[in-house]
Number of protein chains: 2
Amino acid sequence: MSTAPAFKRLPRAVREQQMLDAAVKVFSRRGFHAASMDEIAEDAGISKPMVYAYLGTKEEVFVACLHREGTRMMQAIAGAAAPDLPADERLWRGLRAFFGFVGAYRDGWAVLYRQARGEQPFAGELATMRARLVEVVAGMLDHALRAEGREVAGTDLEVVAYALVGATESLADWLADHPEADPEKTATRMMNVAWLGAGQLLQGVTWRPATD
Amino acid sequence: MSTAPAFKRLPRAVREQQMLDAAVKVFSRRGFHAASMDEIAEDAGISKPMVYAYLGTKEEVFVACLHREGTRMMQAIAGAAAPDLPADERLWRGLRAFFGFVGAYRDGWAVLYRQARGEQPFAGELATMRARLVEVVAGMLDHALRAEGREVAGTDLEVVAYALVGATESLADWLADHPEADPEKTATRMMNVAWLGAGQLLQGVTWRPATD
DNA sequence: GCGTAACCCTACGCACGAGTAGGTATGCTC
DNA sequence: GAGCATACCTACTCGTGCGTAGGGTTACGC
């Protein structure tokens with residue numbers, strides 16, 4: 001019989017990406033635990049055992065999502081912020097790339113930051129990624145300050161970098177919830193806060209002398 | 001037989017608090033879904049039906065936790081930042097109170113921000129609370145600027161306030177993971193970043209003119 | 001054209017955890 | 001010290017969803 005096969009057979013590489021797309025979507029909507037493998041399979045237009053065959057258990061599927069979206073984001077940023085540029089230009093381009101990523105892959109962002117953070121097994125992975133970002137930002141600040149002949153304690157640098165990364169993530173959340181907002185403009189605003197605030201502070205200006 | 005009752009009978013109000021303590025602890029460790037009512041009950045030193053009798057279903061227990069911790073936090077901040085003080089002093093006291101809260105109730109913080117955020121049914125509640133904070137901060141900035149005869153568009157103010165709140169939350173996370181760190185000092189650092197960065201920016205200084 | 005490997009399915013087993021039924025003991029009131 | 005409310009328990013039911021067993025079909029090499 002030639003019952004036109006409702007859906008085509010596809011090569012593994014393609015199906016895997018479809019599954020990941022579906023998984024990211026479902027995880028971002030429901031959260032890790034509330035998401036069901038059945039829903040992911042259905043959303044990918046496939047049946048559950050295929051997901052197990054290609055991607056493994058639920059945890060493994062989530063890790064695969066985390067990995068793909070994380071890599072995308074890191075590459076977007078790293079590709080934009082070439083290390084031979086002056087620090088402020090690197091920061092600016094990095095921010096633009098970052099907000100561009102969030103604007104383009106909202107679901108990915110939600111999975112990465114809103115979900116992974118709460119679930120114990122994955123929080124570590126996420127923390128590592130963020131730590132890399134903090135390190136890079138701290139490096140930029142340090143570099144910029146050395147160029148002006150100033151020097152600052154490592155811990156202070158790290159904490160300030162942490163605050164900047166936090167502020168950026170927060171604006172990313174805001175952006176994800178405001179589809180009408182412009183990523184470019186958001187990046188500009190963040191750049192202003194970051195560069196002026198951090199710069200001033202690390203140059204020795206303080207609101208109230210830190211009485212350690 | 002006088003089999004000394006292994007554990008005492010306690011009045012409802014006391015048991016409820018013990019249950020909430022246990023629930024906050026378990027939720028912060030495991031996350032909402034992975035947490036089990038059995039574990040909460042065991043941790044509180046009573047049996048499961050008591051939890052249902054006093055606090056209701058799992059969702060209701062979580063909401064109760066959210067409510068208690070959220071109220072504690074808001075009261076700590078509001079109590080410290082009296083509205084008749086100058087804006088910078090209010091900001092400073094609010095920050096101190098906030099970091100003090102996080103230092104004292106780490107589990108509460110984790111439940112509030114790391115868990116509630118990811119779970120759809122509760123994210124809204126949390127967003128409302130954060131919105132109130134953003135509003136207050138924006139109000140402070142606005143007030144401070146008007147005092148200097150300057151004026152700024154509402155949206156800009158809100159976005160900057162958002163970034164500041166985000167940076168603060170981020171440092172709170174850092175603090176929660178670094179038990180040795182000093183809340184007071186963290187507050188000082190945040191104050192410096194906030195006041196200098198936001199202040200400068202809103203006074204018209206920019207890194208690169210925003211070319212709307 | 002025939003074997004074989006890759007793709008894909010329906011239909012289950014089974015554990016885990018939310019929520020409940022139904023009963024016991026302890027203190028408090030009159 | 002009888003009656004009653006409140007604190008508390010053990011021991012279940014039952015739905016939900018992860019993970020799998022076992023089998024069918026299409027393409028591709030030779």
Side-chain angles (χ1 to χ4, degrees), chain A residues 1-23 25-27 29-65 115 118-122, chain B residues 1-65 115 118-122:
Chain A
M1 267 229 291
S2 65
T3 50
F7 283 98
K8 280 213 302 201
R9 287 165 76 108
L10 292 173
R12 176 166 185 150
V14 176
R15 271 278 129 87
E16 272 180 354
Q17 291 308 310
Q18 291 180 346
M19 287 178 191
L20 284 177
D21 290 342
K25 194 168 141 195
V26 173
F27 281 135
R29 258 213 308 269
R30 309 252 191 245
F32 175 73
H33 272 280
S36 82
M37 292 296 266
D38 289 281
E39 185 176 0
I40 291 172
E42 188 184 356
D43 202 289
I46 219 74
S47 78
K48 198 166 51 160
M50 286 305 311
V51 182
Y52 280 90
Y54 284 178
L55 298 180
T57 72
K58 191 178 177 184
E59 286 210 352
E60 288 167 338
V61 172
F62 192 82
V63 168
C65 291
Q115 301 304 329
E119 309 290 339
Q120 251 52 13
F122 318 114
Chain B
M1 264 226 299
S2 65
T3 51
F7 284 96
K8 279 212 305 198
R9 288 166 76 111
L10 292 172
R12 176 166 187 153
V14 175
R15 269 279 129 88
E16 272 181 353
Q17 291 307 310
Q18 291 180 346
M19 287 179 191
L20 284 177
D21 290 342
V24 166
K25 193 168 142 194
V26 174
F27 281 134
S28 95
R29 259 212 307 269
R30 307 253 192 245
F32 175 72
H33 272 283
S36 82
M37 293 295 267
D38 288 282
E39 186 176 358
I40 292 172
E42 187 184 357
D43 202 289
I46 36 94
S47 76
K48 197 166 50 159
M50 286 306 310
V51 181
Y52 280 89
Y54 283 179
L55 298 180
T57 74
K58 193 178 176 184
E59 286 210 352
E60 288 168 336
V61 172
F62 192 82
V63 168
C65 290
Q115 300 303 329
E119 309 291 339
Q120 252 51 12
F122 317 113

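Throughout, protein chains are lettered first and strands after them, A, B, ... in sequence-line order, and every chain is numbered starting at 1. Atom set for the values below is all heavy atoms of this structure, side chains included, hydrogens, waters and symmetry mates excluded. Please read these numbers as outputs of a predicted model, since none were measured by experiment.
Of the residues in residues 25-37 of chain B, not one places a heavy atom less than 4.0 Å from an atom of DNA chain D.
Following rounding to the nearest Å, A/Tyr52 (OH) and D/dG22 (P) show an atom-to-atom distance of 18 Å. Note: CD (B/Glu42) to P (C/dG17) measures 12 Å, nearest angstrom. Distance, B/Glu16 CD to D/dC8 C1': 15 Å, rounded to whole Å. Protein atom CG of B/Leu55 is 14 Å distant from nucleotide atom C1' of C/dG19, rounded to whole Å. C/dC16 atom C1' lies 14 Å from atom CD of B/Glu39, rounded to whole Å. Between the P atom of D/dT16 and the NZ atom of A/Lys58 lies a distance of 15 Å, rounded to the nearest Å. Computed from coordinates, the A/Gln18 CD to C/dC8 C1' distance equals 13 Å when rounded to whole Å. Between the CG atom of A/Asp38 and the P atom of D/dT20 there is a distance of 14 Å, rounded to whole Å.
For B/Arg15 and D/dA7, a side-chain-to-base donor-acceptor distance below 3.5 Å is absent, hydrogens and geometry of angles not being considered.
By the side-chain contact (heavy atoms from CB on, under 4.5 Å) test, B/Glu60 pairs with B/Thr57, sequence neighbours left out. Partners of A/Lys25 by salt bridge (Lys or Arg N to Asp or Glu O under 4.0 Å), not counting sequence neighbours, listed by chain and number: A/Asp43. B/Lys48 meets the salt bridge (Lys or Arg N to Asp or Glu O under 4.0 Å) test with B/Asp38; sequence neighbours excluded. Every residue two or more places apart in sequence or in another chain that forms a side-chain hydrogen bond (donor to acceptor under 3.5 Å, both in side chains) with A/Gln17 is listed here: A/Arg68. Partners of B/Gln18 by side-chain hydrogen bond (donor to acceptor under 3.5 Å, both in side chains), not counting sequence neighbours, listed by chain and number: B/Arg15. Not counting sequence neighbours, the partners of B/Glu39 by the salt bridge (Lys or Arg N to Asp or Glu O under 4.0 Å) test are B/Arg29, B/Arg30.
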What nitrogen or oxygen pairs link the protein and nucleotides 9-12 of chain C at under 3.5 Å?
residue : atom : partner : partner atom : Å
C/dC9   : OP2  : A/Ser47 : N            : 2.8
C/dC9   : OP2  : A/Ser47 : OG           : 2.8

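B/Lys58 forms no cation-pi arrangement with B/Phe27, by the criterion of a distance under 6.0 Å to the ring centre and an angle within 45° of the ring axis.
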Check step by step if side-chain contact (heavy atoms from CB on, under 4.5 Å) holds for B/Glu119 and B/Phe62. CA-CA 11 Å; B/Glu119 309 291 339; B/Phe62 192 82; 5.6 Å; no

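Note on A/Tyr54: a side-chain N or O is less than 4.0 Å away from OP1 or OP2 of C/dC7. At the phosphate of D/dC8, neither OP1 nor OP2 sits under 4.0 Å from any side-chain N or O atom of B/Arg12.
Residue pairs satisfying the ring pair (Phe, Tyr, Trp, His ring centres under 6.0 Å) criterion with at least one member in residues 33-54 of chain B, sequence neighbours excluded, are listed as follows: A/His33-B/His33.
The side chain of B/Thr57 lies closest to C/dG19 when the candidates are C/dG19, D/dC18, D/dT6.
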